[in-house]
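A quick write-up on the structure given underneath.
What you see is a predicted model; the values in this text were computed from it and never measured. One-based numbering, in listed order, for ligands and for the atoms of each.
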Amino acid sequence: MRRNSLLAAGLLLCAAVALAAEPPSLKSLAPPGLRIGAAINRGQSSGGDPKAEAIVIRQFNTVTAENDLKWERVHPEPGRFDFGPADRYVDFGARNGMFVVGHVLLWHQQTPAWVFAGEGGKKLDRETLLARLRGHIATVVGRYKGRIGGWDVVNEALEEDGTWRKSPWLEAIGEDYVAKAFEFAHEADPAAELYYNDYNLWKPAKRDAAIRLVQGLKAKGLRVDALGEQAHWGIDDPPLEAIDEMLAAMRKAGFAVHVTELDMDVLPRDPDQWGADLAKKARIRAASNIYPDGLPPAMQEKLARRYADCFALFLKHGVGRVTFWGVTDATSWLHDFPIPGRVNYPLLWDKDGREKPAFDAVADVLRKRAAR
Ligand code: G3I
């Protein structure tokens with residue numbers, strides 16, 4: 001009996017020591033009010049990538065589906081929904097006690113062509129598209145009512161100069177399509193948080209347009225919980241001053257700010273990379289794929305400093321959520337964007353799931369803040 005209790009006490013002690021020795025996670029270091037998370041893919045939410053899954057469970061308290069809730073995935077044909085992978089994603093988040101984000105209800109990309117086709121070969125009209133939008137949102141948001149805590153309602157409605165993006169949504173419905181999407185989302189789950197999400201909001205014209213857009217929604221009495229800057233940034237760009245000014249302007253306008261899709265592209269970009277000339281693209285790929293075998297130590301350090309500087313600004317301005325766009329470097333979308341077939345290093349874990357210096361740098365910024 002005595003031997004058994006001694007054994008039990010010993011085991012407890014070992015567990016306590018192991019726990020104490022385990023370095024703190026990003027979520028445990030983050031100040032109250034800051035959620036920290038990652039976008040996860042189908043493999044990661046379905047048991048197909050145990051290494052990344054373990055990182056997500058240990059480090060994060062919120063997840064976003066990288067692709068599995070997009071219109072083309074869940075609603076590929078009129079009247080046909082495919083919720084299998086989305087269900088597994090939501091279950092994954094719930095099982096691990098995470099705040100589950102829904103991405104995305106309305107976007108001009110990854111939306112099937114049928115959504116924008118008129119009935120019987122006629123031109124698409126406002127009422128038809130509004131009815132499709134409302135039906136889609138009611139079904140998708142309704143299915144996860146109470147389980148998905150917040151939705152990216154509208155993605156990327158603005159051009160770089162702050163004018164409306166010329167999308168099929170704008171063309172068929174008019175400027176109030178954004179308001180309608182927020183109205184339908186709130187109708188489907190009144191308790192869910194609702195976000196407007198866009199990229200390059202550090203550009204003043206686009207930032208101010210996004211602020212005006214959300215102010216307009218709020219003036220109509222619509223629920224909007226946060227303004228999301230995607231933050232697909234580079235190792236040098238945007239300058240820290242621009243990020244600082246963006247966050248200050250959004251906070252001054254009274255909005256909660258989320259950093260929704262954070263990663264840092266370490267490869268050079270070329271102004272001609274967007275062209276369709278395949279030979280030229282191949283030359284650009286060869287010239288800009290400069291770290292095919294690993295990121296050199298000096299660049300690892302530069303990436304670490306960049307992440308630390310950005311996180312210092314997120315803390316300074318009280319950002320409410322930071323979500324990385326991916327978990328490890330193994331599966332980032334940046335290997336294939338803007339040119340397919342390069343090797344990129346945009347995240348905090350390398351392709352084998354090892355913590356990079358950038359991880360330590362972010363943890364350090366959070367730790368110093370926690371110690372204050
Ligand atoms: O799953 C199929 C696979 O079966 C097929 O063999 C393969 C061949 O191309 O394609 C696979 O699908 C790809 C999918 O990513 C999953 O890897 C799609 O082609 C590809 O277009 C898709 O790209 C996604 C992109 O959105 C679409 O525009 C990226 O993963 C995703 O990271 C990216 O995320 C967006 C956000 O939603 C909005 N903000 C910008 C961000 C980056 O573009």
Side-chain angles (χ1 to χ4, degrees), residues 37-46 48-49 52 56 62-76 82-86 88-89 100-113 115-116 136 140 148 150-160 165 167-169 178 181 194-203 206 210 226-234 237-238 257-267 269 273-274 281 321-349 351:
I40 59 175
N41 62 32
R42 192 170 291 193
Q44 290 158 353
S45 51
S46 311
D49 185 351
V56 173
T62 172
V63 278
T64 299
E66 185 178 1
N67 286 299
D68 281 334
L69 276 161
K70 290 174 179 172
W71 195 313
E72 69 175 13
R73 297 285 171 103
V74 294
H75 194 179
D82 176 5
F83 283 121
R88 286 194 285 281
Y89 159 71
V100 180
V101 177
H103 174 84
V104 51
L105 296 172
L106 184 158
W107 193 21
H108 60 283
Q109 285 183 34
Q110 290 183 288
T111 305
V115 177
F116 303 126
H136 174 78
V140 179
I148 286 191
W151 281 96
D152 286 334
V153 179
V154 173
N155 214 19
E156 305 173 4
L158 298 167
E159 299 282 3
E160 300 301 272
R165 180 186 290 280
S167 73
W169 296 106
V178 176
L194 305 179
Y195 319 123
Y196 175 73
N197 191 44
D198 214 326
Y199 60 88
N200 286 351
L201 295 182
W202 53 271
K203 294 186 175 177
K206 197 171 185 182
L227 190 47
E229 155 68 5
Q230 295 182 2
H232 294 295
W233 292 339
D237 271 322
V257 181
H258 292 179
V259 172
T260 55
E261 306 184 10
L262 178 63
D263 50 22
M264 302 285 176
D265 186 346
V266 302
L267 299 181
R269 294 214 170 172
Q273 69 204 4
W274 310 108
K281 245 185 159 148
R321 169 166 62 92
V322 177
T323 297
F324 294 91
W325 204 243
V327 184
T328 77
D329 285 345
T331 52
S332 167
W333 72 294
L334 285 171
H335 298 307
D336 292 313
F337 183 90
I339 300 172
R342 302 189 302 174
V343 187
N344 218 322
Y345 304 86
L347 296 162
L348 302 189
W349 287 267
K351 65 179 174 32

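- Of the protein's non-hydrogen atoms, Gln110 OE1, 3.8 Å is the one closest to atom 25 (C) of ligand 1.
- Distances from atom 33 (C) of ligand 1 to the protein include at least one heavy-atom value under 4.0 Å.
- When distances from atom 8 (C) of ligand 1 to the protein are checked, no heavy atom turns up under 4.0 Å.
- In this structure, Arg42 falls outside the shell of residues with a heavy atom less than 4.0 angstrom from ligand 1.
- With a 4.0 Å cut-off on non-hydrogen atoms, Asn67 touches ligand 1 through its side chain and not its backbone.
- For atom 4 (O) of ligand 1, no protein heavy-atom neighbour is found at a distance under 4.0 Å.
- Under the ring-ring contact (aromatic ring centres under 6.0 Å, His included) rule, His232 has a single partner from Tyr199, Trp202, Trp333, which is Trp333.
- Within the set Gln109, Lys70, Arg73, the minimum heavy-atom distance to atom 16 (C) of ligand 1 is found for Arg73.
- A distance of 11.0 Å separates CD in Glu156 from CG in Leu106, rounded to the nearest 0.5 Å.
- For atom 43 (O) of ligand 1, the nearest non-hydrogen atom from the set Trp333, Tyr199, Trp325 belongs to Trp333.
- Note on ring orientation: taking the six-membered ring where Trp is involved, the planes of His136 and Trp71 are parallel (angle under 30°, cut-offs 30° and 60°).
- Each of Asp68, Asp82, Asp49 was scored for a salt bridge (Lys or Arg N to Asp or Glu O under 4.0 Å) with Arg42, with one residue passing: Asp68.
- Within a 4.0 Å radius of atom 27 (C) of ligand 1, the protein contributes one or more non-hydrogen atoms.
- Protein heavy atoms all stay at least 4.0 Å away from atom 20 (C) of ligand 1.
- Heavy atoms of Asn155 found under 4.0 angstrom from ligand 1 belong exclusively to the side chain.
- Here Phe337 has no heavy atoms under 4.0 Å from ligand 1, in either its backbone or its side chain.
- Atoms of ligand 1 found under 4.0 Å from any heavy atom of Glu156 (numbered from 1 in listed order, with element): 38 (C), 39 (N), 40 (C).
- Nearest-residue assignment for atom 31 (C) of ligand 1 (options Glu72, Glu66, His232; heavy-atom criterion): Glu66.
- Taking all atoms of both residues into account, the shortest heavy-atom contact from Val259 to Ala231 is CG1-CB, 3.6 Å.
- Of the N and O atoms on the side chains of His103 and Asp152, at least one donor lies less than 3.5 Å from an acceptor on the other residue.
- Using a 4.5 Å cut-off on side-chain heavy atoms (C-beta onward), Leu334 and Pro346 make contact.
- Judged as a side-chain contact (heavy atoms from CB on, under 4.5 Å), and not counting sequence neighbours, the contacts of Arg88 are Ser46, Pro85.
- Of the N and O atoms on the side chains of Gln230 and Asp198, not one donor lies less than 3.5 Å from an acceptor on the other residue.
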From CA spacing to verdict: side chain to side chain contact (heavy atoms under 4.5 Å, CB included), Val327, Ile40: CA-CA 7 Å; Val327 184; Ile40 59 175; 4.2 Å; yes

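- Within a 4.0 Å radius of atom 40 (C) of ligand 1, the protein contributes one or more non-hydrogen atoms.
- Protein heavy atoms come within 4.0 Å of atom 37 (O) of ligand 1.
- The salt bridge (charged side-chain N to carboxylate O under 4.0 Å, His left out) test applied to Lys203 returns Glu160, not counting sequence neighbours.
- Atom numbering of ligand 1 starts at 1 in the shown order; those under 4.0 Å from a heavy atom of Gln230 are 39 (N), 40 (C).
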